[in-house]
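So the structure is just underneath, and the comments pick up after that.
The figures here come from the full heavy-atom set of this structure, side chains too, leaving out hydrogens, waters and symmetry mates.
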Amino acid sequence: MATTAADNDGDDDAQKRRALTQAQLDAIEEEIKATQPLASPLLPIDALVRQYASTTADGDDGGGDGNGGGGDGNGGSGGDGFARSAAFLARKYRSLRRIRGDGNCYYRAFLYATCESLLASLSAGGGNGDGGEGRAEFDRVKKVASDSLKWACDYGYEEHAIEMFHEELIELLAFLEELAEGGDSDAAASEKLHVRLNEENASSDYCAWYLRVLTAAQMKSDPERYLPFVLAENYGDVSSFCAREVEPVGKECGMVQVAALAKCLGVKATIEYVDG
């Protein structure tokens, strides 16, 4: 069948639209990188309270429809709801970290929180081999991480494709041991960890992607457990879900991924949902 000039014009228009969309996405990504660190310094929880108090005072309903929507049915606004949620969190927590909102934020936050917890446990025991429960927990996580390369390969991953990311995680854990044994104050050790986890295209990015691999491998290792959640997302099987929703960089994390990653590493994850 002959190709007409109109067909070619249509293809050209489609290509231009795709190029424009990609250019817009690239610009957004660069703006995010320029304005948001991978992880913020530790902030007082009051920062969240002030943020939503300011939003409410400015008349922003925190997610309404632009016509006074977002209310709770009792004269309150969505912004009031966010403010109440922030005040509730302020009664439970003393501090927070903001994580770059690039679609990898949960994996990055999980990595940072796990490293902080392990470093604190090691430092409390002096970083030595008989540091009690803290040392035992570090050794447990370290063994899970060390064994995870072969384990992930059992569920379809090629060793040569993921070993660099696995090695980065192992090196990061070794770095935690060095910090705990280095004689620095807790604050100085935490700052060194913060610097490392804020380097672009380095530990944070590589380890966050490897956590995606572990999340997917965990789901594939027990497909019957996770299949109902996958079906609810309109996927027919776990492997297809992982290929589209877990493995690609920048894909947001849902509750099934949260549960799978926590199960894989044998840790607890508490999710606080701020609802307007």
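More than 12 non-hydrogen atoms from other residues, nucleotides or ligands lie less than 6.0 angstrom from CD of Glu200. The environment of Arg140 atom CZ is dense: over 12 non-hydrogen atoms of other residues, nucleotides or ligands sit within 6.0 angstrom. Other residues, nucleotides and ligands place more than 12 heavy atoms under 6.0 Å from the CZ atom of Phe175.
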Inset, instruction - Take Tyr235 and Glu245 through the test side chain to side chain donor-acceptor pair (under 3.5 Å) and record every step on the way to the result. - result: CA-CA 10 Å; Tyr235 286 91; Glu245 301 295 340; 2.6 Å; yes
Inset, instruction - Decide side chain to side chain donor-acceptor pair (under 3.5 Å) for Tyr210 and Glu167; before the verdict, give the C-alpha distance in whole Å, the side-chain angles of both, and the deciding distance to 0.1 Å. - result: CA-CA 10 Å; Tyr210 190 68; Glu167 289 171 2; over 6 Å; no
Legend entry - side chain to side chain donor-acceptor pair (under 3.5 Å) between Tyr226 and Lys263, intermediate numbers included: CA-CA 12 Å; Tyr226 298 104; Lys263 176 69 174 177; over 6 Å; no
Inset, instruction - Just do the salt bridge (Lys or Arg N to Asp or Glu O under 4.0 Å) check on Lys192 and Glu199 with the steps written out, would you? - result: CA-CA 11 Å; Lys192 288 180 179 179; Glu199 294 175 356; over 6 Å; no
Legend entry - Steps toward side chain to side chain donor-acceptor pair (under 3.5 Å) verdict (Thr215, Gln257): CA-CA 6 Å; Thr215 302; Gln257 293 98 310; over 6 Å; no
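When atom types are taken as modelled, the side chain of Arg98 and the backbone of Ser40 share no donor-acceptor pair closer than 3.5 angstrom. Distance alone, capped at 3.5 Å, places no donor-acceptor pair between the Arg97 side chain and the Ala39 backbone. Distance alone, capped at 3.5 Å, places no donor-acceptor pair between the Trp209 side chain and the Ile162 backbone. At least one donor-acceptor pair closer than 3.5 Å links the side chain of Asp237 to the backbone N or O of Ser240. The backbone N or O of Ala145 lies less than 3.5 Å from a partner atom in the side chain of His166, making a donor-acceptor pair. Between the side chain of Ser146 and the backbone N or O of Lys143 there is no donor-acceptor pair closer than 3.5 Å.
Proximity of Leu149 to Tyr157: side-chain heavy atoms (C-beta onward) are nowhere separated by under 4.5 Å. Gln218 places none of its side-chain heavy atoms less than 4.5 Å from the side chain of Leu261. Between Asp102 and Arg108 the shortest side-chain heavy-atom distance falls below 4.5 Å. In this structure, the side chains of Val213 and Phe165 stay at 4.5 Å or more apart for every pair of heavy atoms. Proximity of Glu116 to Ser190: side-chain heavy atoms (C-beta onward) are nowhere separated by under 4.5 Å. Counting heavy atoms from C-beta outward, Leu111 and Leu172 have side chains that approach closer than 4.5 Å. Lys220 places a side-chain heavy atom less than 4.5 Å from the side chain of Cys242. With contacts defined as side-chain heavy-atom distances shorter than 4.5 Å, the pair Glu272/Lys92 qualifies.
Val195 and Leu193 fall into different hydrophobic clusters, where Ile, Leu, Val, Met, Phe, Trp and Tyr residues are linked whenever their side-chain heavy atoms come under 4.5 Å apart, directly or through other members. Under the 4.5 Å side-chain heavy-atom criterion for grouping Ile, Leu, Val, Met, Phe, Trp and Tyr, Leu211 is not connected to Ile170 through any hydrophobic cluster.
Between Lys142 and Glu177 a salt bridge is recorded (basic side-chain N to carboxylate O distance below 4.0 Å). One finds a salt bridge joining Arg135 and Asp139 here, because a Lys/Arg side-chain nitrogen approaches an Asp/Glu carboxylate oxygen to under 4.0 Å.
Ile99 and Ala109 get closest at one heavy-atom pair: CG1-CB, 3.9 Å. Between Ser85 and Val274, the shortest heavy-atom distance links the atoms CB-CG1, 3.6 Å.
Between the side chains of Tyr107 and Lys251, no donor-acceptor pair of N or O atoms lies under 3.5 Å.
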